[in-house]
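Worksheet: the structure to be examined is printed underneath.
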Amino acid sequence: MQFNLTEILSNDGMNQKISTDIGIKELDLGNNIYQVVNPIHIDLDITNLGDKKMNLQGTVTGTLNIPCDRCMEEVDHKIETNFSKDIKFQDNEDVTWYIDGYNLDLEKLALDELIIDLPMKVLCSDTCKGICNQCGVNLNKGTCDCDNSDIDPRLAVFKDLFKEF
Ligand SMILES: [Zn+2]
Ligand SMILES: [Zn+2]
């Protein structure tokens, strides 16, 4: 989805607003692929600051389906990220990877911002118990008879404390 910047670039002080959905179904990060639940949407406000400089200000929203870091259950993770950046155009030079010549690639810009804002970990809940790492049962949904007492490092610390008394 390309937006041509020629008109705005040739009019100092000009401002233009864009609001559009990015029609992607999944976000491919190489090692992880997340399904898009609610469309990725970008609201963008472009201002020509003069002297071949422009400001891009906007918001990217959307909902991605991301597996819980502990139990792997899929979680709908809402994203809303704001950005503001100044871009200086120079002759015969690519200013940034999402601008080719005078064409702004809205999808690349939106994904760039979205990826920066992705959390390292998503949890289905703060109290998620995770999966038993011996039998694989989801401990939020059931219990198992495995002895995991040596595996949780927090419990191991308590054990050592008790030994001293
Ligand atoms: Zn979980
Ligand atoms: Zn188990």
Side-chain angles (χ1 to χ4, degrees), residues 1-3 5 16-47 54-87 94-100 103-165:
M1 206 176 309
Q2 305 282 335
F3 180 80
L5 297 166
Q16 240 174 327
K17 289 180 173 61
I18 305 166
S19 179
T20 184
D21 280 350
I22 306 294
I24 58 161
K25 296 267 179 288
E26 56 186 29
L27 182 65
D28 189 346
L29 297 178
N31 46 351
N32 290 312
I33 295 176
Y34 301 142
Q35 300 299 316
V36 175
V37 185
N38 287 330
I40 311 295
H41 184 89
I42 183 166
D43 284 307
L44 185 62
D45 202 330
I46 310 175
T47 309
M54 63 172 63
N55 175 263
L56 304 179
Q57 193 186 329
T59 307
V60 177
T61 54
T63 305
L64 296 173
N65 199 261
I66 299 178
C68 170
D69 193 62
R70 288 186 200 149
C71 72
M72 304 305 287
E73 282 285 308
E74 297 195 320
V75 185
D76 284 352
H77 180 73
K78 243 180 129 174
I79 285 164
E80 177 166 354
T81 172
N82 301 301
F83 60 92
S84 175
K85 52 184 78 199
D86 289 348
I87 286 167
D94 285 338
V95 284
T96 163
W97 76 286
Y98 46 78
I99 296 178
D100 181 19
N103 282 315
L104 168 65
D105 190 316
L106 293 169
E107 180 175 324
K108 283 182 181 168
L109 170 63
L111 295 184
D112 213 37
E113 293 304 322
L114 193 135
I115 288 165
I116 292 169
D117 206 54
L118 272 186
M120 298 288 285
K121 287 179 181 178
V122 169
L123 295 179
C124 62
S125 95
D126 287 342
T127 55
C128 174
K129 298 190 188 88
I131 335 180
C132 170
N133 49 19
Q134 293 184 49
C135 72
V137 88
N138 183 337
L139 296 170
N140 300 309
K141 292 180 174 170
T143 50
C144 63
D145 295 325
C146 303
D147 178 11
N148 287 326
S149 57
D150 289 336
I151 289 159
D152 190 328
R154 286 167 301 179
L155 291 180
V157 170
F158 284 122
K159 262 190 182 172
D160 289 346
L161 278 177
F162 287 129
K163 257 183 239 164
E164 290 177 20
F165 292 105

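Read the numbers this way: they start at 1 and go in the same order the structure lists the ligands and their atoms. FYI, side chains are in, hydrogens and waters are out, and symmetry mates aren't considered; it's all heavy atoms of this structure. When a residue number appears, it is its place in the shown sequence, counting from 1.
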*Identify the heavy atoms of Gly136 and Ile131 that sit nearest to each other, and give their distance.*
O-CG2, 2.9 Å
*What protein N, O or S atoms come within a distance below 2.8 Å of the Zn ion (ligand 2), ordered by chain and number?*
Cys132 SG, Cys135 SG, Cys144 SG, Cys146 SG
*asked:* I'd like to know if the side chain of Asp45 and the backbone of Gly58 have a donor-acceptor N/O pair within less than 3.5 Å.
replied: no
*Side-chain contact, heavy-atom cut-off 4.5 Å: Leu64 with Ile40?*
yes
_Is there a side chain to side chain contact (heavy atoms under 4.5 Å, CB included) between Asp112 and Thr96? Walk through the geometry before answering._
CA-CA 11 Å; Asp112 213 37; Thr96 163; 5.7 Å; no
*asked:* In the structure I gave you, are the side-chain heavy atoms of Asn82 and Thr59 within less than 4.5 Å of one another anywhere?
replied: yes
*Student check: side-chain heavy atoms of Val36 and Lys25 closer than 4.5 Å*: no
_Could you go through Ile42 and Thr20, starting from their C-alpha distance and side-chain angles, then the distance that decides it, and tell me whether this counts as side chain to side chain contact (heavy atoms under 4.5 Å, CB included)?_
CA-CA 6 Å; Ile42 183 166; Thr20 184; 3.8 Å; yes
*What are the two closest non-hydrogen atoms of Ile24 and Glu107, and how far apart are they?*
CG2-OE2, 3.4 Å
*Under 2.8 Å from the Zn ion (ligand 1), which protein N/O/S atoms are there?*
Cys68 SG, Cys71 SG, Cys124 SG, Cys128 SG
*Can you name the closest pair of heavy atoms from Asn55 and Gln57 and give their distance?*
OD1-CB, 3.5 Å
